[in-house]
Undergrad: 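Supplied in structure tokens, the structure appears directly below.
The chains referred to below are lettered A, B, ... by the order of the sequence lines, with proteins before strands, and numbering in each begins at 1.
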Protein chains: 2
Amino acid sequence: MTTRAAPIRRRATSYDVARSVGVAQSTVSRCFQDDSNISQATKDLVRDAALRLGYTPNALARSLITQRSNMIAVIVTRYTLRGNPDVIYAVGEALAASGKQLLLVPVEHDAPTIADLRVTLEYPLDGLISCVQIADIDLADIQVRGIPMVLFNRRSAGIPVDSVATRHFDAAGDIASRLHGAGHRRFLCMTGPADAPVSAARRDGFLGKLQELGVHDVQIIETDYSYDGGKAGFLAGLAPTALPDAVFCTNDQIAFGVMDAARFTLGLRIPDNVSVVGFDDVPEAGRPGYNLTTMQQDSVQMARLAVQLLLRRITAPEIAVENLQIAARFVARGSAQLAAK
Amino acid sequence: MTTRAAPIRRRATSYDVARSVGVAQSTVSRCFQDDSNISQATKDLVRDAALRLGYTPNALARSLITQRSNMIAVIVTRYTLRGNPDVIYAVGEALAASGKQLLLVPVEHDAPTIADLRVTLEYPLDGLISCVQIADIDLADIQVRGIPMVLFNRRSAGIPVDSVATRHFDAAGDIASRLHGAGHRRFLCMTGPADAPVSAARRDGFLGKLQELGVHDVQIIETDYSYDGGKAGFLAGLAPTALPDAVFCTNDQIAFGVMDAARFTLGLRIPDNVSVVGFDDVPEAGRPGYNLTTMQQDSVQMARLAVQLLLRRITAPEIAVENLQIAARFVARGSAQLAAK
DNA sequence: TTATAGCCCGCATTCGAATGCATTAAAAGC
DNA sequence: GCTTTTAATGCATTCGAATGCGGGCTATAA
């Protein structure tokens, strides 16, 4: 006896089901809704037939009439996925719990134009979460379309949009204070691309606090926010005359690159010869190989909050805009000298 | 002068545009298709009006009539995202290049039931890529619905489905040969969960080859496919009497955990006291902190192939099923003694 | 001038499900 | 037993765009 693949059948519609049990299409429709007036008897009958015919309501047709697609677009870059894979998972989980689908929109750079999103915006989205920077003019465009939106880890100065973000500026300032307090005076700041707002906020917070403390000449090296970038940038850009006391990296990946360059290429010891501090507290940071002193941002929690904000705005479009600011937590490990010298 | 938010307007439809220029709705529709017979004059007129009214074709309505949603579901677990974030990005990129949207479906375990996918399957998907295991009966169900499908890094024994997968079995056997050839005799195999088919294939390939070579008693420790799992599993499960010569881990994350446990907790030296080999060649493997000897699977390339297979099947449903087997490449680094003793 | 072809465009229908309103049947009230 | 209320179902329309077919208009040929 050979098993033969079942033939592909045309997808059954509510009409097919209706015909097969001798009721109206509207009756079938009502059997798949929770609150409708349907006798248990016909409900059983219809659902039974539906099962037999392999009928499933067509989400697209439903969306068309209900004006609700149940789709949430999430805009990310390659680095969002690499740096915070758990964020995407957490967002997906939270959305699924509310019956929403996650439309993942990968964009090349952390500042897409509206053209990059054109195809996606042709769908009547229920909402949108952006993990990348969007220009104010495009934010306005999206808002005019009536699409509820939440910004993740960034906010807009000009346009009122809900957002959830770490207190990058304050947290980076805190790092500056601690390093300065420990006696460090020659600083190096390793940043991501200048147009990446998260990195920029962290850099500005760090430099701002140092200014306050009277330190004005801080070397800055711009990288691409990656391990390789951090490593190469550190080796190439390092002023050969004077090694810095302390290096602040705007994310952990850069810090790992710097640490490996310092230890394995230059033969330095950390934190004896140089202190390194990162930002994010990704899992690797806590492992013995790096043992990185860093700032912890609870991105999974932030992801849940973002979804929560979005769902709230979908159901209540008129409520006041909220810009949640999440404090980061300093995690002292072994990569930086922090006791006063 | 205060800037005031533009009011939310109802989304313009093709009828709105038609009315505003005095043509029929069908004409508007044709102006947004490539091959239709429309004079350049009216096309310009209509597109101009569309721009003015903020009209965009409604992808949902279009899908309903064209029977093509342009949506591809990609099913992943938390570990897919963590271990291969670039895969998802590459898939998204390849799909976007073909005008498809990526519907990300996160599932809890690497063996979801059809019920976990119910909501997603209500959409008339153009196709589906599964990075998780799906039971044959459910695969059949999906095929009956006529949804083109590709399995990523796994295949089905019973159901003919396109797939792209690493030659896990052969590659793991290769590792076994090399370790055995170098004189190792006491082996430990650290695996992921038993129901994760990728891990199982790698384990079986490893054990199978050792059997051939006359090694029958290989210790096996099952973990959850993570760094922490590898570390804890190694420390807890290790036979206290005899340290293994060589440890094969079914992925790099486990290997990192094992290495850190061995070096930092047990004070062992790698590869002098014990050899460790991983699988995947994630970026961290090549960094000096681990310098892990491993098997490289080019998952980005595989992702592109998966999309290619899927698109091909969408346009030509009748062609023969293809099970692409991608050879892995052995990457000798410093975590394993490989010269014959 | 008339026949003929070709190009544009409009009309009407279609995709599949949801829903207001009308209708029928059953239950309750007197 | 007849009216009134209530519950269950059907009818018809709607969401927004795509498309086959037919008609009108222009251009070319006879």
Undergrad: Select one nucleotide: of D/dC15, C/dC8, D/dC11, the one nearest the side-chain heavy atoms of A/Ala24.
TA: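 Of D/dC15, C/dC8, D/dC11, D/dC11 is nearest to the side chain of A/Ala24.
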Undergrad: Assign B/Gln25 to base, sugar-phosphate, or nothing according to its heavy-atom contacts below 4.0 angstrom with the strands shown.
TA: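 Base contact.
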Undergrad: For B/Gly22 and B/Ile65, take the nucleotide of DNA chain C holding the closest heavy atom to each; which residue's nucleotide lies nearer the 5' end?
TA: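 Its nearest nucleotide lies further toward 5', so the answer is B/Gly22.
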Undergrad: Report yes if some heavy atom in the side chain of B/Ile75 is under 4.5 Å from a heavy atom in the side chain of B/Cys131; otherwise report no.
TA: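 No, every pair of side-chain atoms sits at 4.5 Å or beyond.
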Undergrad: Using whole Å, report how far OH of A/Tyr123 lies from C1' of D/dC15.
TA: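 Checked: the OH to C1' distance equals 17 Å.
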Undergrad: Using a heavy-atom cut-off of 4.0 Å across all strands, would you classify B/Ser29 as base, sugar-phosphate, or nothing?
TA: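 Base contact - B/Ser29 has a heavy atom under 4.0 Å of at least one base atom.
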Undergrad: Taking atom types as modelled and ignoring hydrogens, do the side chains of B/Ser26 and B/Ser29 form a donor-acceptor contact shorter than 3.5 angstrom?
TA: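 B/Ser29 and B/Ser26 do not have a side-chain donor-acceptor pair below 3.5 Å.
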Undergrad: Which residue pairs satisfy the salt bridge (Lys or Arg N to Asp or Glu O under 4.0 Å) criterion with at least one member in residues 115-131 of chain A, sequence neighbours excluded?
TA: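 Non-adjacent pairs meeting salt bridge (Lys or Arg N to Asp or Glu O under 4.0 Å): A/Lys100-A/Asp126, A/Arg118-A/Glu122, A/Glu122-B/Arg62.
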Undergrad: To the nearest Å, how far apart are B/Arg19 CZ and C/dC9 P?
TA: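 Checked: the CZ to P distance equals 19 Å.
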Undergrad: When you check the side-chain N and O atoms of A/Thr77 and A/Thr80, is any donor under 3.5 Å from an acceptor?
TA: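 Yes, A/Thr80 and A/Thr77 have a side-chain donor paired with an acceptor closer than 3.5 Å.
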Undergrad: Going by number, which of residues 52-61 of chain A have a non-hydrogen atom under 4.0 Å from DNA chain C?
TA: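 Going residue by residue through residues 52-61 of chain A, the ones with a heavy atom under 4.0 Å of DNA chain C turn out to be A/Tyr55, A/Thr56, A/Pro57, A/Asn58, A/Ala61.
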Undergrad: Can you check the B/Phe32 CZ to D/dG16 C1' distance for me, whole Å?
TA: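 Computing the B/Phe32:CZ to D/dG16:C1' distance gives 13 Å.
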Undergrad: So that I can tick it off, tell me whether A/Glu322 and A/Arg312 are bridged by a salt bridge, with the cut-off set at under 4.0 angstrom between side-chain N and carboxylate O.
TA: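 Salt bridge between A/Arg312 and A/Glu322, a charged N being under 4.0 Å from a carboxylate O: yes.
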Undergrad: Does anything in residues 83-95 of chain B form a salt bridge (Lys or Arg N to Asp or Glu O under 4.0 Å)? List the pairs, not counting sequence neighbours.
TA: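 Residue pairs with at least one partner in residues 83-95 of chain B: A/Arg78-B/Glu93, A/Arg82-B/Asp86.
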Undergrad: Expressed as a whole number of angstroms, how long is the span from B/Asn37:CG to D/dA18:P?
TA: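 About 16 Å, once rounded to whole Å.
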Undergrad: Side chains of A/Val307 and A/Ile129, heavy atoms from C-beta outward: is any pair under 4.5 Å?
TA: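 Yes, close enough: below the 4.5 Å cut-off.
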Undergrad: Does C/dA17 have its OP1 or OP2 closer than 4.0 Å to a side-chain nitrogen or oxygen of A/Ser26?
TA: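 Negative; the distance criterion is not met.
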Undergrad: Return the value, rounded to whole Å, for the distance between atom CZ of B/Arg30 and atom C1' of D/dC21.
TA: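 So the two atoms are 10 Å apart, to the nearest Å.
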Undergrad: Contact class for B/Val28 (heavy atom, under 4.0 Å): base, sugar-phosphate, or nothing?
TA: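 Contact class for B/Val28: none.
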Undergrad: Roughly, in whole Å, what's the span from CG in A/Leu64 to P in C/dA17?
TA: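 These atoms are roughly 12 Å apart.
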Undergrad: Assign A/Thr42 to base, sugar-phosphate, or nothing according to its heavy-atom contacts below 4.0 angstrom with the strands shown.
TA: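 Touches sugar-phosphate only.
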Undergrad: Is the closest side-chain donor-acceptor distance between A/Arg11 and A/Thr56 under 3.5 Å?
TA: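 No pair is found: no donor N or O on one side chain lies under 3.5 Å from an acceptor on the other.
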Undergrad: Quick one: A/Glu122 CD to D/dG16 P, roughly how many Å, whole number?
TA: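 About 15 Å, once rounded to whole Å.
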Undergrad: Does OP1 or OP2 of D/dT9 have a side-chain N or O of A/Ser39 closer than 4.0 Å?
TA: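 Yes, because at least one side-chain N or O of A/Ser39 sits under 4.0 Å from OP1 or OP2 of D/dT9.
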Undergrad: What is the distance, rounded to the nearest whole Å, between atom CZ of B/Arg68 and atom C1' of D/dT19?
TA: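 These atoms are roughly 16 Å apart.
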Undergrad: Hey, which sits more toward the 5' end of DNA chain D by its nearest nucleotide, A/Gln40 or A/Tyr15?
TA: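 Nearest-nucleotide comparison on DNA chain D picks A/Gln40.
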Undergrad: Taking atom types as they are modelled, is there a donor-acceptor pair under 3.5 Å from the base of C/dA18 to the side chain of A/Gln33?
TA: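 No pair found.
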